[in-house]
Amino acid sequence: MGNASDTSAAFASSIPREYDIFMGSLYSIFCILSVMGNCILLLVAYHKRSTLKPAEFFIINLSISDLGMTLSLFPLAIPSAFLHRWLFGEITCQLYAMCGVLFGLCSLTNLTALSLVCCLKVCFPNHGNRFSSSHARLLVAGVWCYASVFAVGPLAGWGHYSPEPYGTACCIDWHAPNHELSALSYIVCLFVFCYALPCTVIFLSYTFILLTVRGSRQAVQQHVSPQTKTANAHALIVKLSVAVCIGFLGAWTPYAAVAMWAAFGDATQVPPAAFALAAVFAKSSTIYNPIVYLLCKPNFRECLYKDTVTLRERIYRGSLQSNPKEHFGSTSQRNKDMSISTRFSNGQQESYGACLDCADNAALCDGTMPQQTACILTGSSYTEVTVSQLSAKPQDDFL
């Protein structure tokens with residue numbers, strides 16, 4: 001009974017109800033934006049899959065990990081926040097925490113790999129040009145394996161998962177290092193290899209890129225090479241990658257700071273509201289990637305526009321098929337109007353074989369019918385003849 005009571009107390013919210021409702025509302029907004037943005041980005045990437053550059057595989061993988069975090073965390077965190085306690089039990093808490101660590105570390109490791117690829121292509125183009133789609137796929141698989149080691153560790157006894165200090169979600173037990181050596185080693189390795197090292201690699205990679213671009217800018221302006229278009233594409237990917245990295249690290253750094261405070265300081269002095277606010281920033285990281293690439297990358301934006309036009313055309317055709325009578329009536333009327341207003345090349349209006357003046361005054365009609373004419377193209381010039389002078393064979397050279 002005592003364990004059940006302790007578990008129930010751990011799953012009860014320790015922050016005011018108003019804060020939980022605010023968190024639940026923000027999570028709902030993040031969930032909608034993330035699902036829409038990442039699904040659209042994946043759809044666009046699928047349609048342009050034959051023209052994807054190797055660096056864009058990491059953009060797609062980042063979108064997959066963001067979507068995985070959204071679908072595995074938000075459906076559990078949102079109702080728990082609104083009802084002021086964790087609702088789904090101990091086992092689901094463990095799986096929730098594992099998914100959070102897996103997808104979070106995958107995103108950060110993916111951004112690290114992307115920065116290295118960009119650095120290789122910009123700073124060492126002789127080697128970077130050899131980097132192919134096959135290399136990108138292998139590196140993406142390595143990213144998932146790297147993140148999985150740290151995500152599965154607590155389930156195997158290296159570290160622990162537990163409810164968050166604010167009670168309505170689950171993550172790594174940041175208090176365990178204060179009294180357990182294995183948990184301390186896990187937290188140290190997690191901080192070094194999954195935060196400090198990736199951040200250092202990202203910072204150094206983009207610093208080298210900046211220095212290389214500055215040093216070669218004048219030479220590029222004076223000597224336009226045939227690879228200028230490709231170089232511009234790589235430069236754009238670099239800029240967008242920097243923007244995504246800044247957004248991602250800005251979102252996760254507050255949580256990392258609070259977690260290190262709890263792990264290596266006095267955990268009792270860390271207010272639960274600090275963890276709750278840091279968690280909100282961390283979960284907002286799922287919306288940055290689609291926003292940056294869909295709004296700022298021209299070929300993604302162009303492909304999205306084409307898909308939107310195609311979707312609108314299909315919806316229009318579907319509405320026509322659902323109302324065939326109305327469509328037939330409007331089409332018949334439109335064809336009738338067009339046939340009435342049709343004129344031949346000699347400027348006379350079509351009268352279905354009848355003279356219009358005969359109906360009003362027979363004296364005005366001398367018995368001759370209006371002549372229908374056609375223009376026949378011969379080389380670069382054409383001649384005008386009456387329809388009656390044409391032969392019965394197909395006239396392929398009508399103008």
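No hydrogens, no waters, no symmetry mates; every other heavy atom, side chains included, goes into these values. Residue numbers count from 1 along this sequence.
- His47 places no side-chain N or O within donor-acceptor distance of the main-chain N or O of Val44, the cut-off being under 3.5 Å.
- In this view, Leu83 and Leu87 satisfy the side-chain contact (heavy atoms from CB on, under 4.5 Å) rule, not counting sequence neighbours.
- In this structure, the side chains of Phe264 and Ile187 come closer than 4.5 Å at one or more pairs of heavy atoms.
- In this structure, Val117 and Pro54 have side chains that are not in contact, with every pair of non-hydrogen atoms separated by 4.5 Å or more.
- The hydrophobic cluster around Met36 extends to Ile32, counting ILVMFWY residues whose side-chain heavy atoms fall within less than 4.5 Å of a member.
- Of all heavy-atom pairs spanning Pro290 and Leu41, the tightest one is CA-CD2, 4.1 Å.
- Side-chain contact between Val280 and Phe30: present, with at least one pair of heavy atoms (C-beta onward) separated by less than 4.5 Å.
- Every residue two or more places apart in sequence or in another chain that forms a side-chain hydrogen bond (donor to acceptor under 3.5 Å, both in side chains) with Tyr195 is listed here: Thr253.
- The side-chain hydrogen bond (donor to acceptor under 3.5 Å, both in side chains) test applied to Ser205 returns no partner, not counting sequence neighbours.
- Here the side chains of Asp20 and Arg85 are not in contact, with every heavy-atom distance at 4.5 Å or above.
- Under the side-chain hydrogen bond (donor to acceptor under 3.5 Å, both in side chains) criterion, Ser185 pairs with Trp158, not counting sequence neighbours.
- Evaluation of the side-chain hydrogen bond (donor to acceptor under 3.5 Å, both in side chains) rule for Thr207 yields no partner, not counting sequence neighbours.
- Sequence neighbours left out, not one pair with a member in residues 172-214 passes disulfide bond (SG atoms under 2.5 Å apart).
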Only pairs under 3.5 Å count here: list side-chain donor-acceptor contacts from residues 106-116, not counting sequence neighbours, and write none if there are none.
residue, atom, partner, partner atom, Å
Ser107, OG, Ser65, OG, 2.8
Ser107, OG, Asp66, OD1, 3.3
Ser107, OG, Phe103, O, 3.0
Thr109, OG1, Leu105, O, 2.7
Asn110, OD1, Asn61, ND2, 2.7
Asn110, ND2, Phe58, O, 2.7
Thr112, OG1, Leu108, O, 2.9
Ser115, OG, Thr112, O, 2.6

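- In this structure, the side chains of Tyr161 and Val101 come closer than 4.5 Å at one or more pairs of heavy atoms.
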Under 3.5 Å, which donor-acceptor pairs link side chains of residues 162-170 to any protein atom two or more places apart or in another chain?
residue, atom, partner, partner atom, Å
Glu164, OE1, Tyr255, OH, 3.2
Glu164, OE2, Tyr255, OH, 2.8

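- If you chain together ILVMFWY residues whose side-chain heavy atoms come under 4.5 Å of each other, Phe281 ends up grouped with Leu277.
- By the side-chain contact (heavy atoms from CB on, under 4.5 Å) test, Leu76 is found to be paired with Trp86, Phe88, Thr92, Tyr96, residues two or more places apart in sequence or in another chain being considered.
- Under the ring-ring contact (aromatic ring centres under 6.0 Å, His included) criterion, Phe57 pairs with no residue, sequence neighbours left out.
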